[in-house]
Amino acid sequence: MKQEKAFVKEITPQSKDFSRWYIDAIKKADLMDYTSVRGCIVFKPDGYELWERIQAAMDQRFKDTGHRNAYFPMLIPESFFQKEKEHVEGFNPELPWVTEAGGEKLEERLALRPTSETTIGQMYSQWIQSYRDLPVLINQWANVFRWEKRTMPFLRTSEFLWQEGHTAHATEEEARQETMQMLEIYREVVEQELAIPVWKGKKTPRERFAGAVDTYSIEAMMKDGKAVQAGTSHYLGENFAKGFDIKFLDRDNQLKYVHTTSWGTSTRLIGSMIMVHGDDRGLVLPPRVAPTQVVMIPVGPAKLREKVMEQFDPLFDALKAAGIRVRADLREETPGWKFNEWEMRGVPIRLEIGPRDVDKNQAILARRDTGEKVAVVLDGAVQSVKDLLDEIQQNMFQKALAFREQHSHLGIETLEDLKEHIANKENEQGIPGWVLAGWCGEDSCELKVKEETKFTTRNIPFAPPATKSTCLACGGEAQDTVWFARSY
RNA sequence: CGGGGUGUGGCUCAGCUUGGCAGAGCACCUGCUUUGGGAGCAGGGGGUCGCAGGUUCAAAUCCUGUCACCCCGACCA
């Protein structure tokens with residue numbers, strides 16, 4: 001955008017204070033509001049609709065791969081947590097408890113679920129008897145609670161909405177396949193619908209889910225260079241099966257533990273999408289999930305409005321009939337005001353029609369991602385809009401990909417190099433981004449990097465852009481090539 | 001949870017140091033003129049000053065407590 005004249009004074013520029021920008025942008029876009037409960041937000045209609053669209057895209061794919069939705073209770077008895085040692089240790093600090101009900105103290109206190117492995121494990125132990133009962137492929141759309149010390153709208157709140165899949169299988173191989181299949185679905189939805197490029201990979205043991213054998217993730221880079229874990233998929237092995245006694249009689253008449261998986265994505269995807277695509281004017285929404293894809297605004301003198309509306313109204317109907325999420329802004333405000341308003345909200349295309357356009361049998365399409373305006377003939381406007389929506393979706397992904405490449409550093413071999421890199425970037429007001437480096441596999445090396453640079457291991461990518469042979473921290477032989485970054 | 005900051009009409013904030021009628025801009029309502037990148041004039045409505053105590057003749061202002069939000073750290077999707 002060339003004529004960058006700070007039209008929107010209410011939004012702090014990204015370069016000045018990224019967190020401030022984020023809060024300003026989501027408030028101006030009317031996605032959420034704070035409530036009187038700490039860390040809990042309202043998802044206002046536009047914010048919630050983003051979630052509904054993500055939900056729809058995911059849900060379709062879950063069902064296509066044989067999963068079904070179910071719903072389990074939000075309250076979990078304390079004793080359930082004790083059954084998996086790592087799990088209880090991992091979640092205990094952030095559980096809210098119900099200790100009283102009906103005016104009486106409860107005999108056993110109940111936690112507001114942070115995730116449902118325990119409740120579901122308990123049920124699976126009753127449902128599964130034979131290999132004929134397997135696999136169990138269930139997903140749940142729910143709210144969960146994690147009393148985090150520091151909250152941030154969408155990205156980290158005390159209560160959030162998510163999806164958690166829980167499956168049980170007869171063999172490790174099948175469970176591992178499921179884990180990978182779901183990770184791939186996450187990649188597909190996030191890249192295709194949200195236009196966010198991600199790295200699929202495996203988490204290091206330190207970053208693993210409490211109670212998992214292996215945790216995998218997709219990781220995305222925000223515009224401030226920090227990382228967000230956009231989805232996770234866990235192979236839980238027999239850990240929960242043993243804790244909850246989930247056994248089945250196999251074909252060979254042997255009693256065996258099932259192998260379970262779990263996988264989740266949350267409303268944090270909304271925050272990621274905003275931080276990946278947004279700019280100083282506010283949100284930039286990918287067309288596939290944008291609540292409003294096209295906003296139509298009539299322009300020109302009021303006395304000529306009637307003539308404009310003769311073209312405007314049929315075009316609105318035609319767009320709507322074509323399945324495009326179109327909205328007409330006929331309010332009394334000036335056009336300039338409306339332009340800014342819808343740009344803040346991130347609507348992909350603005351369609352303007354004024355008297356001059358009517359004379360030329362055309363409409364103006366202004367795209368949010370580039371700021372570019374083009375004139376299209378009225379007759380073919382519906383197709384032009386469809387094509388442009390596709391193009392914007394593609395362009396947004398490509399832009400995000402290019403940004404990620406630009407801020408991914410492959411040539412940093414030692415901790416000293418990394419510190420120097422960070423110092424340099426900070427001096428020039430740049431962002432340190434991500435660093436691909438070797439890791440020997442030692443916990444202590446990972447911790448050392450974290451303590452000295454705040455960079456943590458994001459994941460061990462399945463298809464790294466390069467392979468490293470020495471450990472970033474100790475210089476010893478590298479066991480893995482890992483993405484290091486600061487993260488949300 | 002530690003350090004720092006902020007809570008005053010819907011929003012952004014001034015007023016607080018030195019207690020004395022609760023303000024401005026934007027937004028909102030009415031009317032007229034306007035409308036191709038945040039229009040103008042005129043009139044109007046709206047606030048128990050985050051909450052709870054205390055000091056005082058009198059508290060947005062002073063004291064104590066508490067809650068929320070923001071920023072920076074330790075924990076996390």
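Remember, it's a predicted structure, so these values are computed and weren't measured experimentally. Residue numbering restarts at 1 for every chain, and letters A, B, ... go by the order of the sequence lines.
Remark: the separation of the C1' atoms in B:A22 and B:A14 is 12 Å, to the nearest Å. Comparing B:G50 with B:A60, their P atoms are spaced 10 Å from each other, to the whole Å. Between B:C62 and B:C76, the two P atoms lie 41 Å apart (nearest whole Å). To the nearest whole angstrom, the two P atoms, one in B:G4 and one in B:G40, are 44 Å apart. Comparing the P positions of B:A74 and B:G3 gives a spacing of 16 Å, expressed to the nearest Å. Using P as the reference atom, B:G44 and B:C49 are 26 Å apart when rounded to the nearest Å. Nucleotides B:C57 and B:C29 place their P atoms 47 Å apart, quoted to the nearest Å. Nucleotides B:A42 and B:U56 place their C1' atoms 45 Å apart, quoted to the nearest Å.
Closest-nucleotide positions on RNA chain B for A:I23 and A:V358 were compared, and the one nearer the 5' end corresponds to A:V358. Place A:K373 and A:P153 on RNA chain B by their nearest nucleotides, and A:K373 ends up nearer the 5' end.
A:E89 places its CD atom 16 Å from the P atom of B:C75, with the value rounded to the nearest Å. In this entry the distance linking CD1 of A:I41 with P of B:C69 reads 11 Å, nearest Å. When the P atom of B:G36 is taken as reference, atom CD1 of A:I353 falls 16 Å away, rounded to whole Å. Rounded to an integer number of Å, the gap from A:E148 CD to B:A74 P is 15 Å. Rounded to a whole Å, the NZ atom of A:K27 is 9 Å from the C1' atom of B:C11. Put simply, CZ on A:F209 is 12 Å from C1' on B:C76, counting in whole angstrom units. Between A:N92 atom CG and B:C1 atom C1' there is a gap of 16 Å when expressed in whole angstrom units. A straight line from CE of A:M344 to P of B:C11 spans 16 Å, rounded to a whole angstrom.
For A:R156 and A:Y488, the positive end is not near the middle of the six-membered ring at less than 6.0 Å and at most 45° from its axis.
When each of B:G36, B:C76, B:A74 is scored by its nearest atom to the side-chain atoms of A:E94, the top-ranked nucleotide is B:C76. Across B:A74, B:U35, B:G37, the shortest atom-to-atom separation from the side chain of A:P301 is found for B:U35. Residue A:R305 has its side chain nearest to B:U35 when only B:G38, B:U35, B:G37 are considered. When distances run from any side-chain atom of A:V299 to the nucleotides B:C28, B:G36, B:G38, the shortest one goes to B:G36.
Under 3.5 Å, the side chain of A:R156 and the base of B:C76 form at least one donor-acceptor pair of N or O atoms. Between the base of B:G37 and the side chain of A:E343 there is a donor-acceptor pair shorter than 3.5 Å.
Nucleotide B:A58: unpaired (no Watson-Crick or G-U wobble partner with both distances less than 3.5 Å). Within the shown strands, B:G40 is the pairing partner of B:C32 under the Watson-Crick or G-U definition, both distances less than 3.5 Å. Across all strands shown, B:G23 pairs with B:C13; the Watson-Crick or G-U wobble distances both stay below 3.5 Å. Pairing for B:C49 is absent, judged as Watson-Crick or G-U wobble with the two contacts each under 3.5 Å. Pairing for B:U6 goes to B:A68, judged as Watson-Crick or G-U wobble with the two contacts each under 3.5 Å.
Considering only side-chain N and O atoms, A:R150 lies nowhere under 4.0 angstrom from the phosphate OP1 or OP2 of B:A74. Between A:K450 and B:C75, a side-chain N or O to OP1/OP2 separation shorter than 4.0 Å is present. Using a 4.0 Å cut-off, some side-chain N or O of A:K454 falls inside it from OP1 or OP2 of B:G73. Residue A:T334 places at least one side-chain N or O under 4.0 Å from the OP1 or OP2 atom of B:A39.
Going from atom CZ of A:R368 over to atom CG of A:L285 covers 8.5 Å, rounded to the nearest 0.5 Å. The distance from the CD atom of A:E343 to the NZ atom of A:K338 is 14.0 Å, given to the nearest 0.5 Å.
Using a 4.0 Å heavy-atom cutoff across all strands shown, A:S19 reaches sugar-phosphate atoms only and no base atom. As judged by a 4.0 angstrom heavy-atom cut-off over every strand, A:R356 is placed among the base-contacting residues. As judged by a 4.0 angstrom heavy-atom cut-off over every strand, A:R350 is placed among the base-contacting residues. Residue contacts for A:D357: at a heavy-atom cut-off of 4.0 Å it reaches a base atom on one of the strands shown.
Here the side chain of A:Q293 pairs a donor or acceptor atom with the backbone of A:P287 at under 3.5 angstrom.
Aromatic ring orientation, A:W263 versus A:H67: perpendicular (interplanar angle above 60°, classes split at 30° and 60°).
A centroid separation of less than 6.0 Å is found between the aromatic rings of A:F43 and A:F154. The aromatic ring centroids of A:H87 and A:F240 lie less than 6.0 Å from each other. Residues A:W141 and A:W51 bring their aromatic ring centres within 6.0 Å.
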